[in-house]
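Just so you know, these numbers come straight off a predicted model, no measurement behind them. Proteins come first, then strands; the chains are lettered A, B, ... in the order of their sequence lines, and each starts at number 1.
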Amino acid sequence: MRRQAPRGTQDVLPAQAHLWRHLEGAFEKTMSLFGYGEIRTPTFEEYELFARTSGETSDIVSKEMYDFMDKGGRHVALRPEGTAPVMRAYIEHSLGEAGLPLRLWYCAPMFRYGRPQKGRLREHHQVGLELIGSSSPYAEAEVAQAVVAFYTALGIEGLEVRLNCIGRQESRARYGEALLRHLSGWLAHQEPEAQASAEKNPMRLWDSKSPEVQEALRGAPRLSDYLEPESADHFEAVCGALDEAEVEYVLDPGIVRGLDYYTDTVFEVQSSALGAQSSLCGGGRYDGLIGALGGKDAPSVGVGMGLERALLAMEEAGSKPVPDELEYYLIAASAEAWPRVRRAARQLRAAGVSCQFDLEERPLKSQFKAANRARAAFAAIWGSDELASGTVTVKDLKSGVQAVRPESELFS
RNA sequence: GCGGUUGUAGCUCAGGGGUUAGAGCGCCUGACUGUGGCUCAGGAGGUCGUGGGUUCGAGACCCAUCAGCCGCCCCA
């Protein structure tokens with residue numbers, strides 16, 4: 001038996017758990033501000049769902065899927081991303097019949113089988129939203145504003161929204177050919193692996209961190225020159241909508257995204273706090289996805305935001321985990337007071353007041369130390385004097401001020 | 001998946017072939033017979049990541065393996 005969490009997974013310990021609740025609470029609040037409804041989908045889906053939507057040649061499908069055969073011989077996969085399952089549910093339950101656009105959010109674990117490092121896990125958690133059924137540039141603007149609102153609520157600063165337009169499937173294919181033609185001389189003396197990767201998805205070269213690759217791309221054809229007029233017009237309108245919404249952004253041809261279903265607009269939010277895994281979130285427009293899954297086509301925009309990375313960015317910003325507080329720590333100052341302490345605990349809890357006491361009946365000093373550790377606001381102390389007079393000594397543990405009061409006041 | 005690096009107490013780390021493996025912080029007890037944070041004294045706590053190997057002798061050296069971290073690939 002291994003006594004370690006599986007590779008690339010993490011336990012969330014009590015000291016950290018309240019931060020997670022804070023994160024999830026902030027997102028839910030943001031979503032209610034924008035009028036989105038929650039959707040929960042299964043942790044695993046049919047393998048084909050992801051293979052078809054993300055693309056067989058995408059890295060997520062070709063090397064990062066957590067897939068297996070179940071006991072019934074079905075090929076299933078732990079969810080690597082949030083959009084495809086939501087779209088499957090949207091089609092399965094005809095959610096579009098209630099009228100479009102439809103606004104949905106989710107919060108769920110995601111699984112990708114890669115080599116872990118800081119900010120990259122095999123199981124991580126994402127919150128995300130999908131705005132289904134709008135081709136308006138204001139759809140992108142709304143999603144971007146929701147993202148910014150969420151991070152702002154968390155106190156994460158130094159954000160950079162990076163925006164790009166990758167056009168439609170056809171223009172991307174034409175551009176890829178042109179790019180490969182331009183780079184064929186350079187590519188000829190690259191590693192076979194790099195060649196294969198470039199041929200699979202030439203655009204991905206723009207995303208490379210290698211200075212050598214960036215150098216080779218100098219003077220290469222630009223994707224923006226290959227866009228359909230509608231794509232170019234739409235992108236301009238999106239930029240205008242973002243300007244109007246006062247969302248700051250930078251245009252970045254390096255944002256190309258690894259999933260096949262994106263069309264036109266793609267974006268990421270990056271933070272300098274994260275090292276090599278600099279993306280806090282990623283998303284974009286996917287106008288053909290629902291149709292590809294056999295539904296009635298509906299142009300849509302969505303985004304997924306990594307919670308672990310948000311947490312890292314918050315730590316960088318100085319947010320510290322603080323354990324939950326307790327109202328009273330009940331203390332027995334003499335041995336005969338223990339039954340009174342335990343009865344008081346029952347009374348207080350019945351009245352909805354949080355409290356704790358020492359199960360081991362340890363010395364007074366230990367009880368006070370435990371009270372500090374439990375972050376109790378007050379200590380309530382019973383000794384022989386209090387028992388005799390029906391009183392209790394209440395001590396404010398921050399100021400150290402204490403007073404003897406009738407017991408009845410404690411329970412009112 | 002590729003390249004590198006690290007793993008010794010709850011935490012941060014020292015020990016780099018030679019008796020019973022150490023420190024600081026934290027934890028427990030006492031000084032303090034009814035009062036926490038400070039001080040002092042004592043105490044508990046270790047499969048030296050795991051499995052092999054080399055050696056008279058391994059925490060240390062070698063191999064494998066597991067896990068973390070850094071970079072790449074990719075992304076949340």
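Both distances falling under 3.5 Å, in either a Watson-Crick or a G-U wobble arrangement, occur for no nucleotide opposite B/rU33. Nucleotide B/rU65 has B/rG49 as its partner under the Watson-Crick or G-U criteria, with both atom distances under 3.5 Å. When Watson-Crick and G-U wobble pairs are counted only if both distances are under 3.5 Å, B/rC38 pairs with no nucleotide at all. Across every strand in view, B/rU55 sits unpaired, with no contact that passes the Watson-Crick or G-U test at under 3.5 angstrom. Using N1 to N3 plus N6-O4 or O6-N4 for Watson-Crick, or N1-O2 and O6-N3 for G-U wobble, each under 3.5 Å, B/rA21 pairs with nothing.
A donor N or O paired with an acceptor N or O is not found under 3.5 Å between the base of B/rC75 and the side-chain atoms of A/Arg204. The base of B/rG68 lies outside donor-acceptor range of the side chain of A/Lys118, with no N or O pair under 3.5 Å. Within 3.5 Å, no donor on the side chain of A/Arg120 pairs with an acceptor on the base of B/rA76, nor the reverse.
Counting non-hydrogen atoms under 4.0 angstrom, A/Gly400 reaches a base of the nucleic acid. Among the atoms of the strands shown, only primed sugar atoms or phosphate atoms (P, OP1, OP2) are found under 4.0 Å from some heavy atom of A/Asp207. At a threshold of 4.0 angstrom between heavy atoms, the contacts of A/Gly82 with the nucleic acid are absent. Residue A/Ile331 is classed as having no contact, given no heavy-atom separation below 4.0 Å to the nucleic acid. Residue contacts for A/Gly383: at a heavy-atom cut-off of 4.0 Å it reaches a base atom on one of the strands shown. Across all strands shown, A/Gln10 has no heavy atoms under 4.0 Å from either base or sugar-phosphate atoms. Counting non-hydrogen atoms under 4.0 angstrom, A/Arg257 reaches the backbone sugars and phosphates but no base.
When the P atom of B/rC28 is taken as reference, atom CD of A/Glu360 falls 11 Å away, rounded to whole Å. Going from atom CD of A/Glu212 over to atom P of B/rC73 covers 12 Å, rounded to whole Å. Here the P atom of nucleotide B/rG34 and the CD atom of A/Gln367 are 12 Å apart, to the nearest Å. One can place CG of A/Asp358 at 14 Å from C1' of B/rG36, the figure rounded to the nearest angstrom. One can place CG of A/Leu121 at 11 Å from C1' of B/rG68, the figure rounded to the nearest angstrom. Taking atom NZ of A/Lys365 as the reference point, atom P of B/rU39 lies 11 Å away to the nearest angstrom. Rounded to an integer number of Å, the gap from A/Arg79 CZ to B/rC75 P is 19 Å. Between the C1' atom of B/rA67 and the CZ atom of A/Arg115 lies a distance of 11 Å, rounded to the nearest Å.
Applying the 5.5 angstrom centroid cut-off and the 30 degree plane-angle cut-off, the aromatic ring of A/His125 is not stacked upon the base of B/rA76.
Using a 4.0 Å cut-off between charged side-chain N and carboxylate O, A/Arg285 and A/Glu140 make a salt bridge. The pair A/Glu361-A/Arg342 counts as a salt bridge, with a side-chain nitrogen and a carboxylate oxygen less than 4.0 angstrom apart. Residues A/Arg218 and A/Glu215 are paired through a salt bridge, judged by an N-O separation under 4.0 Å between the basic side chain and the carboxylate. Note on A/Arg120 versus A/Glu308: no salt bridge recorded, every NZ/NE/NH1/NH2 to OD/OE distance being 4.0 Å or above. Comment: A/Glu268 engages A/Arg257 in a salt bridge, judged by a side-chain N to carboxylate O separation of less than 4.0 angstrom.
Only the C1' atoms considered, B/rC27 is 12 Å distant from B/rC11, to the nearest whole Å. As rounded to the nearest Å, B/rG16 and B/rA58 have P atoms that lie 16 Å from one another. Distance noted for atom P between B/rG22 and B/rG45: 14 Å (whole Å). For B/rG59 and B/rG42, the C1' atoms lie 29 Å apart once the distance is rounded to whole Å. Look at the C1' atom in both B/rG71 and B/rC61: the space between them is 29 Å, to the nearest Å. Here the separation of B/rC62 from B/rG26, taken at their P atoms, is 37 Å to the nearest Å. Taking the C1' atom of each, B/rU6 and B/rA14 are spaced 16 Å apart, rounded to whole Å. For the P atoms, the distance linking B/rG68 with B/rC63 amounts to 22 Å, nearest Å.
Picking from B/rC74, B/rU35, B/rC69 the nucleotide with the shortest atom distance to the side chain of A/Asp59 gives B/rC74. Set against B/rG34, B/rA76, B/rU35, the side chain of A/Ala333 has B/rG34 as its closest nucleotide. Here the nucleotide nearest the side chain of A/Ile381, chosen from B/rC73, B/rU35, B/rG36, is B/rU35. The side chain of A/Gln4 has B/rC66 as its nearest neighbour among B/rC66, B/rG1, B/rG36. Taking the side chain of A/Gln117 as heavy atoms from C-beta on, and the options B/rC72, B/rA76, B/rG1, the nearest nucleotide is B/rC72. Here the nucleotide nearest the side chain of A/Ser384, chosen from B/rG34, B/rG71, B/rG1, is B/rG34.
At least one side-chain nitrogen or oxygen of A/Ser208 sits closer than 4.0 Å to the OP1 or OP2 atom of B/rC73. OP1 or OP2 of B/rU29 lies within a sub-4.0 Å distance of a side-chain N or O belonging to A/Ser366. OP1 or OP2 of B/rG36 has not a single side-chain nitrogen or oxygen of A/Arg362 nearer than 4.0 Å.
Mapping A/Glu386 and A/Pro363 onto RNA chain B via the closest heavy atom, the residue that lands nearer the 5' end is A/Pro363.
Considering only heavy atoms from C-beta on, A/Leu187 stays 4.5 Å or farther from A/Ser184 through its side chain. Between A/Leu102 and A/Tyr90 there is a side-chain heavy-atom pair separated by less than 4.5 Å.
B/rG16 takes the syn form, because its glycosidic angle lies no more than 90° either side of 0.
A donor-acceptor pair under 3.5 Å is absent between the side-chain atoms of A/Glu123 and the main chain of A/Pro109, judged by distance alone.
Using cut-offs of 30° and 60° for the angle between ring planes, the A/His75 and A/Tyr47 rings count as parallel.
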